[in-house]
Amino acid sequence: MTRLLVIALLVCLALAGCKSGGDSPSEVAEDIDAKAMLQGIWIESATETISFRAEGDTIYYPDSTSQPAFFRIVGDTLYLGDQHYLIVEQDEYHFCFQDMTGEEVRLVRSEEADDSLEFTKKKPEILTLTEVVKIDSVVNYGGQRYHWYIAFNPTKYQVVRTVYNDDGVGVDNIYYDNIVNLSLYQGKHCLFSRDIKKQMFISDVPQQFLEQAILANMQYDRVDALGFHFNATLCIPDGASCYLVETCVSFDGQFSMKLLEY
């Protein structure tokens with residue numbers, strides 16, 4: 001019996017050791033004193049520009065397009081959203097950390113009451129359409145009159161893009177994706193009407209790109225014997241990367257897609 005108790009005790013100690021050795025930052029107690037010390041508005045010491053305001057467990061930015069981020073301080077590390085930064089120095093009036101490139105960012109606490117006005121703006125902007133946009137035109141082909149309609153409908157589906165500010169800190173910009181309704185009529189007869197979503201382009205656009213992109217545009221191109229050709233543009237917001245995909249609606253209402261360029 002004694003031998004069994006000893007074995008059981010050793011197993012418990014081993015399990016406890018494994019658990020304590022595998023603690024993630026979220027499981028380790030944060031430094032409450034360091035978080036309290038960071039409360040307030042901080043200014044980049046070299047440029048004297050406002051960097052951020054820490055309030056509670058959230059960091060706010062003066063830039064109206066950057067979303068607030070939850071933060072924690074654990075040991076010598078600042079965890080900010082999905083990013084983490086090594087703290088080099090911190091006291092009541094100074095805060096220094098390393099950005100994503102390893103460069104030191106030195107901040108000083110603001111003592112100017114007017115600096116708080118930079119944070120009284122409206123809530124962070126969503127950098128996409130906020131209302132329905134409609135375009136349409138009439139096309140004559142083969143002695144027939146056709147009418148196409150394109151309606152851009154903003155959605156509540158968010159696309160998050162992380163950018164780096166002047167301090168080398170990753171901040172999230174939020175965009176709303178669009179759904180495009182494409183309709184084609186021959187006289188009063190509807191040949192085609194469908195909501196076009198970015199997920200429909202998975203066969204032509206890599207999934208990793210598609211997850212970060214929005215359906216930015218849909219334009220009429222031409223009509224020929226194959227049907228009516230429209231070009232869909234899928235772009236990473238505020239980036240140079242875009243895919244141009246041709247969408248074709250045939251005269252019998254069939255829909256097809258083909259990658260044109262990247």
Side-chain angles (χ1 to χ4, degrees), residues 10-121 123-125 158-175 208 211-212 236-239:
L10 290 174
V11 170
C12 290
L13 290 173
L15 291 174
C18 292
K19 182 177 181 181
S20 62
D23 285 345
S24 66
S26 61
E27 296 171 333
V28 178
E30 65 177 315
D31 190 332
I32 301 300
D33 293 335
K35 172 176 277 190
M37 201 181 299
L38 195 63
Q39 302 295 301
I41 297 174
W42 293 86
I43 298 174
E44 214 281 324
S45 58
T47 62
E48 297 186 350
T49 57
I50 297 175
S51 181
F52 63 80
R53 172 170 61 90
E55 182 177 327
D57 57 9
T58 304
I59 281 181
Y60 300 87
Y61 301 96
D63 178 7
S64 63
T65 62
S66 298
Q67 304 298 306
F70 173 79
F71 82 96
R72 303 175 75 245
I73 295 179
V74 178
D76 59 358
T77 303
L78 168 67
Y79 291 89
L80 183 58
D82 295 329
Q83 310 288 332
H84 62 274
Y85 307 90
L86 178 65
I87 298 172
V88 178
E89 175 187 356
Q90 183 183 17
D91 60 35
E92 187 177 354
Y93 297 101
H94 302 86
F95 186 66
C96 178
F97 65 93
Q98 290 183 354
D99 66 15
M100 298 301 291
T101 66
E103 294 290 326
E104 290 188 357
V105 179
R106 294 193 170 273
L107 307 175
V108 295
R109 180 183 297 279
S110 168
E111 296 183 347
E112 297 291 334
D114 288 347
D115 286 344
S116 62
L117 297 177
E118 292 295 320
F119 300 91
T120 60
K121 301 173 183 177
K123 63 182 181 179
E125 300 174 14
Q158 294 186 352
V159 175
V160 180
R161 180 169 184 254
T162 301
V163 297
Y164 293 90
N165 63 18
D166 293 339
D167 292 332
V169 174
V171 296
D172 289 339
N173 285 348
I174 304 295
Y175 302 81
Q208 185 176 3
E211 290 174 351
Q212 303 177 64
I236 293 179
D238 287 345

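Nearest heavy-atom pair, E92 versus M37, reported as atom, atom and distance to 0.1 Å: N-SD, 3.6 Å. Closest heavy-atom contact between K35 and I73: N-CD1, 4.0 Å. A29 approaches V74 most closely through the heavy-atom pair O-CG1, 4.2 Å. Smallest separation of non-hydrogen atoms from P62 and S51: CD-O, 3.5 Å. Heavy-atom minimum distance, E89 versus D91: OE2-OD2, 4.1 Å.
Note: T49 OG1 to I43 CD1 = 8.0 Å, rounded to the nearest 0.5 Å. To the nearest 0.5 angstrom, E48 atom CD is 10.5 Å from D115 atom CG. Distance check, rounded to the nearest 0.5 Å: CG of L86 to CD of Q98 gives 4.5 Å. In this structure, the separation between CD1 on I50 and CG on L107 is 12.0 Å, given to the nearest 0.5 Å. We find the CZ-CD distance between F52 and E44 to be 11.0 Å, quoted to the nearest 0.5 Å. T58 OG1 to L80 CG: the interatomic distance, rounded to the nearest 0.5 Å, is 10.0 Å.
Classification of the W42-F95 ring pair by plane angle, with boundaries at 30° and 60°, yields tilted. Using the six-membered ring where Trp is involved, F97 and Y85 have ring planes that are perpendicular, over 60° apart on the 30 and 60° scheme.
Side chains of R53 and I41 form a contact here, defined as non-hydrogen atoms less than 4.5 Å apart.
In this structure, R72 contributes its side chain and D57 its backbone to no donor-acceptor pair below 3.5 Å. Not one N or O on the side chain of R106 forms a donor-acceptor pair closer than 3.5 Å with the backbone of A46. One N or O on the side chain of Q90 and one on the backbone of A34 form a donor-acceptor pair closer than 3.5 Å.
In the displayed structure, F70 atom CZ is contacted under 6.0 Å by more than 12 heavy atoms of other residues, nucleotides or ligands.
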